[in-house]
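These notes are about the structure you will find just below.
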Amino acid sequence: MQRKEFRELISVEDARILVREIKIQPASVSTSIEDSTNHIIAEDIISSVDVPSFNRSVMDGYAVRAKDTYQASETNPCSVKLIGIVAAGCADKFFVDDSEAVDIATGAPIPDGADAVVMVEHTKRQDNEIFIDRPVHIGENIMRAGSDIMRGERVLRKGTRIGSREIGVLSAIGKREILSASVKVGIISTGDELIRPGEPLEPGKIYDTNSYALSAGVIECGATPIMYGIIRDNEADMEEAIDTATDECDIILTSGSTSAGAGDIMYKIIEEKGTTLAHGINIKPGKPVVIGLIDGVPTIGLPGNPTSALTIFNEFVAPLIRRTIGASTASKTTTTAVLGTSIRSQGRHQLLPVGLVRGKVYPADKGSGAITTLADADGFIEIRPEVEFMDAGTHVDVTLFGDVTRPDVLFVGGSCPGIDVFEDLTGLNIRAIGTGSSGGFSAISNGTADIAGVNMPDASGEYNMPIIERMGLSDVILIKGYRREQGLIVRHDSGISKIEDIIGQRLINRNRGSGTRALLDIKLGELAGEKGISLREMTRSITGYDSGAKTHRAVCDAVKNGRTDVGFGLRSAADEAGLKFIKVAEEDYDLLVPKHLLEIEEIRALCGCLVSEEFAERLPAGISVYEGTGDIVSLERLNTS
């Protein structure tokens, strides 16, 4: 099949107009209230009853005529005669005359003749005589019929999304079923590389992310997803799935097979079966998008990459669904923030995912193939194609991703299980980005991070301070953290017992810029010195030295699955994976904080947690506090001419 290039890309504005012009007629279906959560009401809801439907007591006490209490006081209580008892739900009829009272429970109907309720706390009873020590006015402690909802009142407007509060209202007016707008959205994931979550992950395969993420997005919009599963890269299979979805659905979403490559044929199917309205939008992420109509059914081919697919869904498809079902189209939730770092754009309209921490935003984009891009993002900023560069400190509008939980602290640097302990004990929402120690130093230097976890030795073996001095960092605080055992990680049947044994073996190394990799380099350099060769010559004899796993768990996985013979990492990770650990060294893992943040509540909470007994007890084996834990080292940059 000859490779097909994109047609002329349409602008984001034109794509929005095109989608707005698509018309879909939703159905209305009768839905029981217990099954209606997240549905969209298709008609105004008018109450046919008063709520409450009778005058009711809001207190336990005595129903009386208010005028009988006007002279009451603690020193001179008035008395009335008890003539009966009314419980909640009671249908017994009483008439309260002058100087009479009825014992009444909260929620019970007010008997005829009574016009107030005296709280039981302001009474004393002797046989059938009630003494009242406080006056009440007419209507006191009574909820009148219809005072909450009146018969004929519109209680819910057409287009309202049903949640727990709305179901409470519907129940209160006796509404058992409602008409809700129904839009069925077919979801088709394409690709030979896909398998369903829960199945064993075979070589070269990836789990189907988009079917489930898009399904959740459809539900959030108030529509009904119909998942057609994974369709292989076979034109006949795709056509069959499209034909079925066209008969059953109001909208069809596909993911994958849109980018005009040799294996991407969805655009061809749409073009042959219907009308292609657009093939490609000048946007990042999400350029490979196909929008068309097949038998009048809008069919939108989304990119296969998860971040691109969800971005296009949120920006173009979700508004179409909400408009179709008549959902109240609330304006996007936006907030103004300041860029924490400079951003270089790529000359294309861009919706850049960003994280938001205390008024500062930072890019959360790990590439369109990374689903965690959106998991780590609180919203996005829109960058127009003519903007090539944005300086740190620039004020930007952030469109938030719905009901997001904003992090309290942005933690960047070396990955460590101690971060989880911090989060558990402080209750803070810590967004941790594992970049390695070098990334942590850089994030503090450019003002992006609140705190960095660093474990970077220099050639002498001293940790972190030499790096701070070399980078010329000023107004920073180094908080001494804890110590971690680093060493060789192997399977239990391995013959490797010391660092010299890894020569000639397959190694899984850590990523460049990590303190763990730097520590291994120091140890290999010492070994090379003993043998009278260079470090470069030494590393050439180790297969996989140039590899770079981003986490300690990734190192353990490679060893456990037999993809490599030995890894270098934390004892805690080896123990968790059930692997053998051979200690090589103990390192310092410290916290680097901008000086101006040291006194904020979140950093103070972390510092307090660090020196607590509970923190020391919760650390996994191979990680421990020591006498220097919690010490604060300040480094002021010297002025030189």
Side-chain angles (χ1 to χ4, degrees), residues 10-31 36-45 154 156-163 166 178-188 210 213-226 245-246 248-255 270 274-278 281 283 286 289-303 308-334 349 351 379-380 382 397 399-403:
I10 65 172
S11 68
V12 171
E13 290 79 6
D14 287 343
R16 287 171 177 155
I17 293 171
L18 187 155
V19 172
R20 280 199 297 269
E21 291 176 346
I22 294 175
K23 306 300 180 185
I24 304 169
Q25 185 60 46
S28 294
V29 296
S30 180
T31 308
S36 65
T37 301
N38 221 38
H39 286 219
I40 304 298
I41 297 173
E43 61 180 0
D44 289 346
I45 303 295
R154 182 175 64 185
L156 294 173
R157 187 183 299 272
K158 177 182 178 181
T160 299
R161 182 187 301 278
I162 299 177
E166 288 74 21
I178 60 154
L179 279 182
S180 63
S182 173
V183 171
K184 296 178 181 179
V185 182
I187 298 174
I188 301 170
N210 290 342
L214 292 172
S215 176
V218 168
I219 293 171
E220 288 171 356
C221 290
T224 302
I226 300 178
T246 302
E248 298 176 346
C249 300
D250 303 296
I251 303 172
I252 301 172
L253 302 179
T254 71
S255 66
I270 294 175
T275 303
T276 301
L277 304 178
I281 301 175
I283 190 173
V289 179
V290 181
I291 303 174
L293 295 172
I294 298 178
D295 293 339
V297 178
T299 304
I300 302 174
L302 303 173
S308 297
L310 289 175
T311 299
I312 295 299
F313 175 86
N314 289 326
E315 190 64 18
F316 299 102
V317 181
L320 171 62
I321 296 174
R322 287 194 292 265
R323 175 168 51 81
T324 298
I325 60 179
S328 301
T329 308
S331 58
K332 295 178 180 178
T333 304
T334 62
H349 204 127
L351 305 178
F380 66 84
E382 190 164 353
D397 292 326
T399 300
L400 300 177
F401 288 142
D403 186 16

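Fair warning: this is a prediction, and the values are worked out from it, not measured in the lab.
- Residues F316 and V12 form a side-chain contact, since some pair of their non-hydrogen atoms from C-beta on lies under 4.5 Å apart.
- Not a single salt bridge (charged side-chain N to carboxylate O under 4.0 Å, His left out) links E21 to another residue, sequence neighbours left out.
- Between N38 and I219 the shortest side-chain heavy-atom distance falls below 4.5 Å.
- Every residue two or more places apart in sequence or in another chain that forms a side chain to side chain donor-acceptor pair (under 3.5 Å) with T31 is listed here: S180.
- Interatomic distance, T324 OG1 to I24 CD1, rounded to the nearest 0.5 Å: 4.0 Å.
- The line from CD1 of I178 to OG of S30 is 8.0 Å long, rounded to the nearest 0.5 Å.
- Rounding to the nearest 0.5 angstrom, the gap separating the CD1 atom in I321 from the CD atom in E220 is 10.5 Å.
- With values rounded to the nearest 0.5 angstrom, I22 atom CD1 is found 11.5 Å from R20 atom CZ.
- Looking only at side-chain heavy atoms (C-beta outward), L302 and T254 stay at 4.5 Å or farther from each other.
- For E166 and R161, the salt-bridge test fails: no basic side-chain N is under 4.0 Å from an acidic carboxylate O.
- To the nearest 0.5 Å, the span separating OG on S255 from CD1 on I187 amounts to 9.0 Å.
- Taking both residues in full, the closest heavy atoms of P303 and V289 are given as CD-CG2, 4.1 Å, listed atom of the first, atom of the second, then distance.
- V29 has its side chain out of reach of L179: every pair of non-hydrogen atoms, C-beta onward, lies at least 4.5 Å apart.
- The stretch residues 36-45 participates, sequence neighbours left out, in these salt bridge (charged side-chain N to carboxylate O under 4.0 Å, His left out) pairs: D44-R154.
- Summarising the geometry, atom CD1 belonging to I300 is positioned 11.0 Å from atom CG belonging to L214; distances are rounded to the nearest 0.5 Å.
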